[in-house]
Protein chains: 2
Amino acid sequence: MNIGEISKRSGVPAKTIRYYEDIGLIKPERTPNGYRVFAEADLHRLSFLGRARKLGFSIEDCRNLIRLYEDETRASAEVRELAMNHLSRIEEKIAQLQNMRSSLVDVISDCAGDHRPDCAILERLAGPMT
Amino acid sequence: MNIGEISKRSGVPAKTIRYYEDIGLIKPERTPNGYRVFAEADLHRLSFLGRARKLGFSIEDCRNLIRLYEDETRASAEVRELAMNHLSRIEEKIAQLQNMRSSLVDVISDCAGDHRPDCAILERLAGPMT
DNA sequence: TGCGCTCCTTCCAGTCACTGGAAGGGTTGC
DNA sequence: GCAACCCTTCCAGTGACTGGAAGGAGCGCA
């Protein structure tokens, strides 16, 4: 199967697949004319990658996840720890964004939002923050 | 005041200030020896930028906010709209992250996390997602 | 006057995970 | 024989910095 087909079947864009080859995440064969040839195992791998990326795992995490997936002697604790670390990073981000959100809501609620130039948002940005 | 001092007083790193000059957000004077010289107005501007960035506004947003701030004839509605757009982008991000979070929590809860190799996390990544 | 210390300058490269586009060659079907 | 579509590589850009190298400027002290 060549790149167009595996892209369709895995849902991973061809550009991204080439990039993944570049950084060593997949290693397709080549035909004599230089086209990449993918096996079923590559499809499986790409789908795995796609799902991990959708869960927000970094490329480095994905590399480790694949390594663990292919290591028959792995301890599930190691996978779990990786996932837990990722989870806490996500929770941190959520908390940051929620802080931003509440400051924003706060600031916006003070602004009339009409044709006049007085604007509490700009004043809050200009002056000291609460 | 030179870059070290304004950096300390505004809380914006010197590197970042140089970058802001590069992209035209501030335009300090220069002494004959090439050192940047900042006025009180620059300090004000940098503090404004720092606060806007802390609220997650993009550089492009910041550019617009400053333009509006300095435009005496602005309508506060325009500022409000900019802020509201930013707010909805943030809320979208929060929602995305919360989706990730719940999928992750879900996946993690199925994994024993012990010395054995069976791992529900890897299985979920390998197989079809729920 | 020389020395060390800190501050300043510019420029280049790297981050992260792609994505867009150009230029060119291969394959397929009519 | 040619159009339509697939594939290739390579380069550049994204956002907002950040790190580091190489070198000049200023200042206090012996």
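In what follows, every chain begins at residue 1, and chains take the letters A, B, ... in the order their sequences are listed.
Between B/E21 atom CD and D/dC17 atom C1' the separation is 16 Å, expressed in whole Å. Across the protein-nucleic acid pair, A/N2 atom CG and C/dT27 atom P stand 11 Å apart, rounded to whole Å. Atoms CZ (A/R36) and P (D/dT9) sit 4 Å apart, rounded to a whole Å. With rounding to whole Å, B/K54 atom NZ is found 16 Å from D/dC17 atom C1'. For the pair B/F38 CZ and C/dC7 P, the computed distance is 15 Å after rounding to whole Å. Look at CZ on B/R18: it is 15 Å from C1' on C/dC12, rounded to the nearest Å. Across the protein-nucleic acid pair, B/E5 atom CD and C/dT6 atom P stand 18 Å apart, rounded to whole Å. Between the CD1 atom of A/I23 and the P atom of C/dC16 there is a distance of 11 Å, given to the nearest Å.
Between B/F48 and B/Y69, the angle of the ring planes lies from 30° to 60°, which puts this pair in the tilted group.
Heavy atoms of other residues, nucleotides or ligands lying less than 6.0 angstrom from CZ of A/R89 number more than 12.
Among the nucleotides D/dT18, C/dT10, D/dT9, the one closest to any side-chain atom of B/T16 is D/dT18. For A/P13, the side-chain atoms get nearest to C/dT19 when compared with the rest of C/dT19, D/dG19, D/dA25. The side chain of B/Y20 sits closest to D/dC17 out of D/dG26, C/dT19, D/dC17. Here the nucleotide nearest the side chain of A/Y19, chosen from C/dC18, C/dC8, D/dA16, is C/dC18.
At a threshold of 4.0 Å, the pair A/E70-A/R63 does not count as salt-bridged, since none of the basic side-chain nitrogens sits closer than that to a carboxylate oxygen. Under the 4.0 Å criterion applied to side-chain N and carboxylate O atoms, A/R9 and A/E40 are assigned as salt-bridge partners.
Side-chain atoms of A/R51 come within 3.5 Å of backbone atoms of B/L125 as a donor-acceptor pair (strictly under, hydrogens ignored).
Between A/R30 and D/dT9, a side-chain N or O to OP1/OP2 separation shorter than 4.0 Å is present. Side-chain N/O atoms of A/N33 include none lying less than 4.0 angstrom from OP1 or OP2 on C/dG25.
With hydrogens and angles ignored, a donor-acceptor pair under 3.5 angstrom links the side chain of B/Y35 to the base of D/dG24.
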